[in-house]
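Along the sequence shown, residues are numbered consecutively beginning with 1. In each ligand, atom 1 is the first atom listed, and ligand 1 is the first ligand listed. Since we're looking at a predicted model, the values are computed, not measured.
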Amino acid sequence: MLDPARIAALAETDIQPANHLIDGTSCAASDGGRRDVISPIDGRAITTLAWGTEDDTTRAISAARRAFDDGRWSGLAPAARKAILLKWAQLIEDNALELAVLGVRENGTEISMALKAESFSAAGTIRYYAEAIDKIYGQIAPTGPDVLGLVHHDPVGVVGAIVPWNFPLMIGAWKLGPALAAGNTVVLKPAETASLSLLRLAELGLEAGLPAGVLNVVTGAGHVVGRAIGLSRDVDVLTFTGSGNVGRKLMEYSAQSNLKRIYLELGGKSPNVIFADAPDLDEAIKVSAAGIFRNSGQVCIAGSRLLVERSVHDRVVDGLVKAAEALRVGNPLDPGTGAGAVNSAAQLDRNLGFVEEARAQGRDIRTGGGRILEETGGFYMAPTVVAGVSPQDRIARQEVFGPVLAVIPFDTEEEAVAIANDSEFGLASAVWTSNLSRAHRMVRAIKAGLVHVNTYGGSDLTVPLGGVKQSGNGHDKSLHAFEKFLNLKSAWIKL
Ligand code: NAD
């Protein structure tokens with residue numbers, strides 16, 4: 001599947017200037033604004049992107065409103081929507097490599113991961129929700145005999161979906177699959193630095209038969225396009241993946257406008273807790289390294305805080321240093337690359353800033369810590385292990401969102417739980433132990449939406465993903481995702 005010659009050919013293809021997709025039509029920004037799309041592979045411009053205005057966003061929302069209200073999509077039988085979505089999933093699969101290469105050229109994820117976690121994952125997600133939608137029944141309430149209480153599931157209406165740059169197709173599909181299958185229409189806002197593959201995905205949706213106006217994509221700045229979605233009175237629900245700072249703003253926009261429901265999937269500082277009785281320390285090291293360094297650490301659930309029992313601390317840290325140094329960082333379009341580029345120059349600077357601060361505090365930068373491959377013009381960072389971190393350090397408390405692992409030793413299970421939970425975040429976590437009772441105690445004790453046991457990063461679509469505390473309030477994936485995009489409506493009928 002990963003044929004280097006095909007990848008190279010796709011990578012050399014010119015990318016046409018990209019436009020919004022509004023009401024089934026490709027269109028430029030109302031003021032003609034465009035920005036260069038900079039590839040993190042070599043720092044060069046690969047095309048230009050329509051830089052959306054408030055007016056563009058309003059037009060897209062109006063198109064979605066009309067498309068919802070006239071029933072061209074919500075009025076179809078679920079089985080009819082299913083057929084179109086299944087065709088879309090097939091088209092995504094048929095174009096999987098093209099989509100993956102396009103995305104990698106823009107966001108820098110290694111191609112081996114992008115093909116699986118972006119293209120095939122998106123196709124699988126659309127297919128999953130398509131197949132589910134004609135199997136969800138309403139309910140008859142257990143009332144007394146003289147009435148009939150019915151519970152309907154109605155689509156909410158116009159969904160605003162705002163997504164980040166790390167896995168645009170995967171995360172985009174987590175929103176689009178359930179929202180569209182449930183009969184809603186959508187205005188999607190991709191991240192500034194990861195729009196191209198989502199635009200292509202949406203075009204394939206039109207080709208599959210999504211009626212005009214059902215899926216609209218507006219590209220551009222978050223504080224313009226995203227803000228306009230957040231403040232719109234015509235958007236009924238907003239689903240967001242990204243940072244806590246923007247999540248806060250969205251809640252404010254909702255309060256200032258129509259009290260639209262806001263679902264937030266935010267960041268994390270996920271504790272990965274390795275006990276000395278882990279069943280296989282070498283496996284724990286290998287999987288933990290992948291859990292922080294793949295996609296250059298730009299993974300929301302990255303295990304970025306490593307808590308290690310002191311008796312195995314040195315062995316684990318040495319192993320992680322070796323794994324970090326063995327990881328091949330480089331051109332993400334090379335199938336042999338283990339970690340690609342950091343998404344943007346700004347993100348690279350941010351990552352380096354965290355490491356510099358740790359260095360200044362006297363923390364032990366065991367490996368990495370700097371920019372590499374600068375001669376390529378691209379944005380690459382060496383996988384970094386920082387030992388001797390205090391739980392109070394900024395590097396232990398804030399999300400870096402880069403290939404930077406902060407290591408904290410502990411002595412007892414109670415201490416591990418206390419450190420793990422001493423965080424404003426609660427997205428993912430892991431515990432490595434062969435003690436069954438301890439594993440279950442830890443699953444109960446750790447305050448996070450996801451606790452892995454003796455593994456990291458594994459999951460599939462059937463398992464919900466969402467955070468607690470400041471990691472968010474909504475769930476992507478699984479049938480639970482429908483809850484965001486359906487309203488319960490009750491009917492009370494006197495017999
Ligand atoms: P970000 O919050 O900067 O941007 C996310 C999106 O919000 C982008 O599309 C951006 O344009 C938009 N935006 C920016 N300002 C806005 C505003 N004022 N109003 C409305 N929209 C606005 O996040 P990012 O840097 O793109 O992504 C990284 C973050 O995403 C990390 O915190 C990461 O943990 C998080 N993330 C979470 C999950 C999850 O499932 N919980 C998954 C992936 C990424």
Side-chain angles (χ1 to χ4, degrees), residues 35 49 51-52 54 57 106-109 117-118 121 125 160-175 187-195 198 217-232 235 238-254 256-257 260 262-270 292 295-304 342-344 346-351 398-402 423-428 448-450 457 459 463-478 481 484:
R35 289 279 172 98
L49 185 66
W51 209 245
E54 220 178 292
T57 316
E106 191 183 13
N107 85 340
T109 302
E118 284 278 274
S121 156
T125 299
I162 302 181
V163 297
W165 43 260
N166 56 337
F167 291 103
L169 295 184
M170 176 171 75
I171 295 171
W174 287 349
K175 318 290 190 198
V187 176
L188 172 70
K189 191 240 170 272
E192 290 83 334
T193 54
S195 299
L198 269 174
V217 185
V218 187
T219 55
H223 67 275
V224 177
V225 176
R227 180 173 180 275
I229 293 173
L231 284 170
S232 170
V235 171
L238 205 158
T239 172
F240 171 74
T241 297
S243 64
N245 286 343
V246 176
R248 266 190 190 82
K249 286 186 188 160
L250 295 176
M251 288 193 144
E252 284 171 19
Y253 300 154
S254 168
Q256 288 164 28
S257 54
K260 60 179 73 60
I262 303 280
Y263 292 103
L264 305 175
E265 344 278 338
L266 307 175
K269 191 78 206 178
S270 299
I292 178 65
N295 199 18
S296 298
Q298 302 165 130
V299 178
C300 58
I301 62 165
S304 55
V342 172
N343 176 256
S344 63
Q347 184 63 34
L348 178 61
D349 282 349
R350 189 180 134 83
N351 297 347
Q398 290 189 16
E399 185 182 41
V400 177
F401 217 54
S423 171
E424 65 188 30
F425 296 112
L427 188 56
L450 169 64
S459 170
V463 180
L465 175 67
V468 298
K469 301 198 276 183
Q470 291 185 42
S471 288
N473 61 3
H475 283 94
D476 282 323
K477 305 167 65 185
S478 84
K484 298 192 281 197

Contact table ligand 1 N or O to protein N or O, d under 3.5 Å:
| unit_1 | atom_1 | unit_2 | atom_2 | d |
| --- | --- | --- | --- | --- |
| ligand 1 | 2 (O) | S243 | N | 2.8 |
| ligand 1 | 2 (O) | S243 | OG | 2.6 |
| ligand 1 | 9 (O) | V163 | O | 2.8 |
| ligand 1 | 9 (O) | K189 | NZ | 3.4 |
| ligand 1 | 11 (O) | K189 | NZ | 2.9 |
| ligand 1 | 11 (O) | E192 | OE1 | 2.7 |
| ligand 1 | 11 (O) | E192 | OE2 | 3.2 |
| ligand 1 | 18 (N) | Y253 | OH | 3.0 |
| ligand 1 | 19 (N) | G222 | O | 3.4 |
| ligand 1 | 25 (O) | W165 | NE1 | 3.0 |
| ligand 1 | 26 (O) | W165 | NE1 | 3.2 |
| ligand 1 | 30 (O) | G242 | O | 3.4 |
| ligand 1 | 32 (O) | E399 | OE1 | 2.6 |
| ligand 1 | 34 (O) | E399 | OE1 | 3.3 |
| ligand 1 | 34 (O) | E399 | OE2 | 2.5 |
| ligand 1 | 41 (N) | L266 | N | 3.4 |
| ligand 1 | 41 (N) | L266 | O | 2.7 |

Looking only at the side chains, is there a donor atom on one of S243 and N245 sitting less than 3.5 Å from an acceptor on the other? no

Would you say the side-chain atoms of S232 and K260 include a donor-acceptor pair closer than 3.5 Å? no

If I take atom OG1 from residue T219 and atom CZ from residue R35, how far apart are they, to the nearest 0.5 angstrom? 11.0 Å

Hydrogens and angles aside, do K269 and S423 bring a side-chain donor and acceptor to less than 3.5 Å of each other? no

Heavy atoms from other residues, nucleotides or ligands near CD of E54 exceed 12 (cutoff 6.0 Å): no

Can you list the residues that meet the salt bridge (Lys or Arg N to Asp or Glu O under 4.0 Å) rule with K484, with sequence neighbours excluded? E265, D476

